Amino acid sequence: MAYSVPALPYAYDALEPHIDKATMEFHHDKHHQAYVDKVNAALADTPLADTPIEEVLRDLTQVPEDKRTAVRNNGGGHYNHTLFWENMSPNGGGEPDGGLAQAIDSAFGSFADFQAKLKETGVNQFGSGWAWLVLDGSGLSIVGSANQDNPISGGKTPLLGVDVWEHSYYLKYQNRRPDYIDAWWNVVNWPKVAERFTSAS
Ligand code: MN3
């Protein structure tokens, strides 16, 4: 079965004023849909057409070589945005608690240090990409990725990611990527991130 864009778990304007309604409409309905259409076209008539996208991305060498770039970019776009919508909430913000909070303190020193490092990674990502909180065998870390690459293709589990493509902020923040990231913290869905942490641990 072909992939489809999941419905947003909240209204388009629910993340206002931090993330504006028009950005959410274009980002979800147009950008995400385009990734889905293109990855579906690339995988049609291949043995991977029914494979969950995370399994495809975990090992891109299983994708026929002439389709691999299209799947890496557009399959990555589908996976990344699916995570992104889930990891935001109108009731978001604040700080995590429990095991995730302890793991963040132990990896980064404090929640504030973690926030500063994720923001720095996002601000300094040249061109389009993402900044991620990931879990691997050695614990939590922060990595950047270019374009629609995802750390899952490098054996790491993404827990939280911030989209720093201009399409995710330009309508409201223009060139002010740091301001967008500062605002985005107010909508981070920590209970959802904690669920991902627990299931990956
Ligand atoms: Mn995007």
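Bear in mind the structure is a predicted one, so any value in this text is a computation, not a measurement. Counting starts at 1 for both ligands and their atoms, in listed order.
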Regarding His27, does it place an N, O or S atom less than 2.8 Å from the Mn ion (ligand 1)? yes
Under 4.5 Å between any side-chain heavy atoms of Arg177 and Gln125, yes or no? yes
Closest N/O/S atom of Asp163 to the Mn ion (ligand 1), by atom name? OD2
Can you tell me the angle formed at the Mn ion (ligand 1) by NE2 of His167 and NE2 of His81, to 10°? 140°
Would you tell me whether His32 and Trp85 have side-chain atoms, one donor and one acceptor, within less than 3.5 Å of each other? yes
Looking at Asp13 and Lys21, is there a salt bridge between them, counting it only when a charged N and a carboxylate O are closer than 4.0 Å? no
Would Lys192 and Glu195 count as a salt bridge (Lys or Arg N to Asp or Glu O under 4.0 Å) here? Give the steps. CA-CA 5 Å; Lys192 180 58 82 173; Glu195 263 178 43; 3.5 Å; yes
